[in-house]
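In what follows, a structure is listed as structure tokens, so that the remarks can point back to it.
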Amino acid sequence: MDRESFTGNRRRKLVPWLVKSEPSVYSIEDLRRDQVTSWEGVRNYQARNFMRDMQPGDKVLFYHSNATPPGVAGIAQVRKRAYPDPTQFDSASPYFDAGSKNDAPRWDLVEVAFERAFERAVTLEQLRSDAALAGLLVTARGSRLSVVPVSDAHFARIVTLAES
DNA sequence: GCCAACGTTGGC
DNA sequence: GCCAACGTTGGC
């Protein structure tokens, strides 16, 4: 991340992101219905660290994984900065983490708001084959991170593909 | 359902 | 710190 874009803990410039969700668990249409949701259940340190760098107003590409076809289904926006994910302390939750202590929470979530659903998703196949999207983290070999940053140019290109 | 490519855990 | 075993992700 660009250090000069930070002022203390606050970034001046907005940064685009991409988050993954299985639509059978939570889809862009679920977010349209809810308008705002807590992005709970992230249990990977690298993804968590990216979430901690999100700031309200940042655009978020909403990617449907394990979908047919997989792809970017729409856009959300960060509404609230990262704070401890309560599901880590809930023994009834699938996201429960017995190793996380109340006085030192391991996992955070952010709140995201619905912005728009694409009429046609930008498929993984499109993401891979488009020359302008070379270097996109989502299509990198072995990439499994559920939260990744996206460059401004890649973000704009994906929106263009969605509208073409 | 399969399985490659990861990340995490825990014994040593 | 190493690394084998195990669990998870996610495309197919």
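A note on names: the letters A, B, ... follow the listed sequences, proteins ahead of strands, and every chain is numbered from 1.
- If you measure from atom OH of A/Y95 to atom C1' of C/dT9, you get 13 Å, rounded to the nearest angstrom.
- Between the P atom of B/dT8 and the CH2 atom of A/W107 lies a distance of 7 Å, rounded to the nearest Å.
- The base of C/dT8 does not come close enough to the side chain of A/R43 for any donor and acceptor atom to sit less than 3.5 Å apart.
- Here C/dT9 presents its C1' atom at 11 Å from CG of A/L145, a figure rounded to the nearest Å.
- With A/S100 as the partner, the side chain to side chain donor-acceptor pair (under 3.5 Å) test is satisfied by one option alone out of A/R106, A/Q88, A/R43: A/Q88.
- Between A/N44 and A/N66, the one whose closest nucleotide on DNA chain B sits nearer the 5' end is A/N66.
- With rounding to whole Å, A/Q46 atom CD is found 12 Å from B/dC6 atom P.
- Among C/dG10, B/dG7, B/dT8, the nucleotide with an atom closest to any side-chain atom of A/Y45 is B/dT8.
- Using a 4.5 Å heavy-atom cutoff, the side chains of A/L137 and A/P149 are in contact.
- Under the 6.0 Å cut-off for aromatic ring centres, A/Y83 and A/W107 do not qualify, their centroids lying 6.0 Å or more apart.
- At whole-Å resolution of the value, CG in A/L137 and P in B/dC6 are 13 Å apart.
- Regarding A/R144, its CZ atom lies at a distance of 14 Å from the P atom of C/dG7, rounded to whole Å.
- Of the candidates C/dG10, B/dG7, C/dC12, the closest approach to any side-chain atom of A/R128 belongs to C/dC12.
- Atoms CG and OH, from A/L109 and A/Y95 in turn, are 11.0 Å apart once rounded to the nearest 0.5 Å.
- Summarising the geometry, the separation between CG on A/L124 and C1' on C/dT9 is reported as 14 Å, rounded to the nearest angstrom.
- With distances taken from any side-chain atom of A/K20 to the nucleotides B/dA5, C/dG11, C/dG10, the minimum falls on C/dG10.
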